[in-house]
Amino acid sequence: MFEDLSTRLELAFRSVTGQARLSDVNVAETVREIRRALLDADVNYEVARSITAAVKEKALGQGVLATVTPGQQFTKIVYDELIRVLGEQKEDITFSQVPPTVILIAGLQGSGKTTFSAKLAKMLRDQGKSPMLAAADVYRPAAVDQLRTLAGQIDVPVYSIEEKDALRVAKEALTEAKKNARDVLIIDTAGRMHVDSDMMDEVARIREAVNPSEVLFVVDSMTGQDAVNTAREFNQQINFDGVVLTKLDGDTRGGAAISIRTVVDKPIKFMSTGEGMESISPFYPDRMAQRILGMGDVVSLVEKAQEQYDEVQARKLQSKISSNTFNLEDFYGQLQQIKKMGSMRELVGMIPGMSKQLGDAEIDDDAMKPVESIINSMTIEERRKPDLINGSRRKRIANGSGTTVREVNDLLKQFTQMKKMMKTMTKMNRMGRAMEGLKNLTGQRKLH
Amino acid sequence: MGIFDKLGFGKKEEKLQEGLEKTRAGFLDKIGKALVGKDRVDDDVLDDLEEILITSDVGVKTTLEVIRRIEERVARDKFVSSSELQQILKEEITGLLKDNEADRPAEFDADLRHKPHVIMVVGVNGVGKTTTIGKLAHMYKTAGKNVMLGAGDTFRAGAVEQLRIWGERAGVTLIQQGQGADPAAVAYDTVASGKSRDADVVLVDTAGRLHNRRALMDELGKIKRVMGKVVDGAPHEVLLVLDASTGQNALQQARAFSEVVDVTGLALTKLDGTAKGGIVIGISHEMSVPVKYIGVGEKIEDLQVFERARFVSALFERTMPSA
């Protein structure tokens, strides 16, 4: 995600690279490019203007550092400004002192509220909570069915009623949650237009009735200039506590995040990156800014991996990958953990530049299922040196594992792709560390 | 950099944020006054025009194109009156929007060349595909056409049920194989049923998919191909549904969907909010695809045939929510 914006900024920085100092002239040109890049990335017109104004002011006020290029220095200025706009640190959900903690989900039609509600329930359940869902979208045909189906997949109870009365659903669900000692109640509401006063009144009344400790506003990350209008109106009506950005697995540049953060000054708390129930993560402003600047979201990838791997395993794997001796045996051993981390597609998408390449290297999670039996049918030598596996060996392996030669071919192909990916990952890790170095370096001076 | 100077880039950098609810009312008056008796357009006016277009999601590239065209016209025609200038502005923007093709009429009561006339509906998640199909079914039915629906979104939980309810409201037949079924099989089945049961219009739903998901996009190509095996040339229309609140990413969507299923028409949904949907101007121009329908609400009759002039006028109307 965000590749387009980062490409634009790289181009913009090109005009300051190689210059001795940040002068009026080269800063102005670069700033113009950044402004256009921000607009192309759907950052609101006025917000883009205020960001470039701030960047320009800071850039002009700075002396040139001897140790970094003007381009790097500019990167740092824009990076800092984006972090400042996106919020300095990550913010969590507020849990109520007295359970249940009520979380109200609201937003426009099609923003992804129902899917997000289910993902959030699963995430909280995995953290040891006992969530319950309330189906308060009583208008969209089959919305209750949708929530019920998703809830069934993640094994979380849903409260719903036959009557089309959202307020009653919310109130009764709260009573039900208390009665059954559920410690979190997530209320999924109908999508509504911010200009529809009846519907806005309804959600405001629900808010009043259930007194939620957390109200989340769900926004499609592909939203354009109108993001400021909807965010502002929802904020006025329901005074939400946080924002959820959805569909970030697309290739949108996601400028809406910056716009919303600026006009309503509420933190972005979660991002949602796919249709799978595990495709949810907290929002880290610093990582998002890194992502916008094309440095890749290496930190969250590593962290996600660490949730699943223990450290020793991870270190072993790491050294295998960097020494390029990662083989099918390791692959087999890690497969279960990798599967637990979520979809490969999603994981790979966090690696800078990889989402684009994915077009050619499609990762199909289902294709991993017969892998176990195929690897089992290989000799130890074959597992260690997959290059040995020629046509006749493939036939033998296919026969032994009850699969086809094609499936064996697919596995070997997939393994090669994965190995390539992992190499990229380690490279990017190094880049991430380099960026840390830059941060420390420039951090020694007070820049503004 | 000259073109950026015209766009006001860098020039208003120091200007403080004036608040985002700047009124659009009066812009057309202003452009008129500013232009009378001159052979070039004031920078002030161009700045305002830029802001109106950018905040309508028209995008930087198309905005520059519009400004270039207007400057050219004014330089050529010279000394135009204020009403002429308003006209020029509207004409130039309207001109970017592709005109509808005669063999794929958008009007519901028009005669259709093929029987059944098969329409495949595609788009990313949450843009309103199923709702649009429900409305289209109602409109065609009301116009006296025999309509059949295919529940091709077999992926999203509740999608089949959602379309079943829409079908019931519209009073049309639904072909479905439940959630998890092969969408290509559903599409095949629907078109075959439509053919054998003498349907005039067959509408096939598909699951929402992000356009950068290669495997899912390939699947869409397959769904399209199987329909052609039942009825020659089917689907006769591939309708890409776009959400009016989507920004520049809509262009990426249009390109990616066109590549796999050759989009023939656009439906712009959720125009009942404050979003202007300006991105369709650039899309329609670049891809040479007409906008056919607009969605303006959640009710079954909240679908209209797209009118270029009205859409362009609306860009200059103030529709901010009352604060």
Side-chain angles (χ1 to χ4, degrees), chain A residues 28-29 31-32 35-36 39-42 44-46 49-50 52-53 56 108-112 139-150 153 193-196 220 222-230 232-233 236 247 249-253 255-256 263 275 345 355 358-360 362 364, chain B residues 1 4 9-10 12-15 17-20 51 54-57 59-61 124-128 131 134 155-166 169 179 210-215 243-250 252-253 270 272-276 278-279 298 319-321 323:
Chain A
E29 265 172 40
V31 159
R32 220 170 283 151
R35 173 139 177 256
R36 183 174 172 171
L39 291 178
D40 278 343
D42 292 323
N44 175 267
Y45 188 78
E46 291 293 341
R49 183 173 280 169
S50 71
T52 47
K56 187 178 178 184
L108 297 176
Q109 289 92 342
S111 52
Y139 304 102
R140 180 162 60 92
V144 177
D145 285 346
Q146 186 185 355
L147 188 63
R148 284 209 162 279
T149 308
L150 295 175
Q153 287 168 20
M193 276 290 183
H194 52 295
V195 289
D196 185 336
D220 185 329
M222 296 180 275
T223 307
Q225 296 285 323
D226 199 45
V228 294
N229 299 327
T230 55
R232 186 181 282 128
E233 196 65 17
Q236 264 170 19
K247 306 180 202 173
D249 47 330
D251 57 1
T252 183
R253 304 162 203 185
V263 297
E275 290 177 274
R345 166 121 213 152
S355 331
L358 271 187
D360 301 308
E362 182 63 38
D364 182 2
Chain B
M1 280 304 144
F4 286 126
F9 282 117
K12 292 202 283 193
E13 240 49 272
E14 289 81 12
K15 215 158 119 185
Q17 188 167 332
E18 292 175 339
L20 298 156
E51 182 169 350
I54 295 279
T55 56
S56 301
D57 289 313
V60 174
K61 192 179 157 218
V124 300
N125 315 66
V127 290
T131 306
F155 178 78
R156 181 168 59 87
V160 174
E161 179 62 10
Q162 187 182 351
L163 192 62
R164 191 189 63 74
I165 296 169
W166 277 116
R169 287 181 188 170
Q179 197 188 335
L210 288 176
H211 51 286
N212 58 341
R213 297 293 301 272
R214 174 83 159 256
D243 182 331
S245 65
T246 302
Q248 302 306 301
N249 192 249
Q252 250 90 276
Q253 294 172 20
K270 307 183 198 177
D272 47 327
T274 46
K276 300 287 191 177
I279 186 68
E298 290 188 306
T319 51
M320 291 298 191

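Below, chains carry the letters A, B, ... as their sequence lines are ordered, and counting in each starts from 1.
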Proximity breakdown for B:Val160 and chain A, heavy-atom pairs closer than 4.5 Å: neither
Residue B:Arg169 versus chain A: region with a heavy atom under 4.5 Å: side chain
Region of A:Arg148 that comes under 4.5 Å of a non-hydrogen atom in chain B: neither
Contacting region of A:Met193 [heavy-atom separation from chain B under 4.5 Å]: side chain
Side-chain ([X]) to main-chain ([Y]) donor-acceptor, under 3.5 angstrom:
| X | Y | result |
| --- | --- | --- |
| B:Asp57 | A:Gln225 | yes |
| B:Lys270 | A:Gln109 | yes |
| B:Asp243 | B:Asn125 | no |

Atom of A:Ala256, atom of A:Ala227 and distance for their closest heavy-atom approach: CB-CB, 4.0 Å
Closest approach of B:Gln179 to B:Phe155 (non-hydrogen atoms, all atoms of both residues): NE2-O, 3.1 Å
Donor + acceptor pair across side chains of A:Asn229, A:Glu233 (<3.5 Å): no
For chain B, the option from A:Leu147, A:Asp220, A:Asp42 that forms the most heavy-atom pairs under 4.5 Å: A:Asp42
Most contacts with chain B, counted as non-hydrogen pairs under 4.5 angstrom, among A:Gly112, A:Gly110, A:Ala143, A:Pro141: A:Pro141
Choice from B:Gly59, B:Ala244, B:Ser245, B:Gly128 maximising heavy atom contacts with chain A below 4.5 Å: B:Ser245
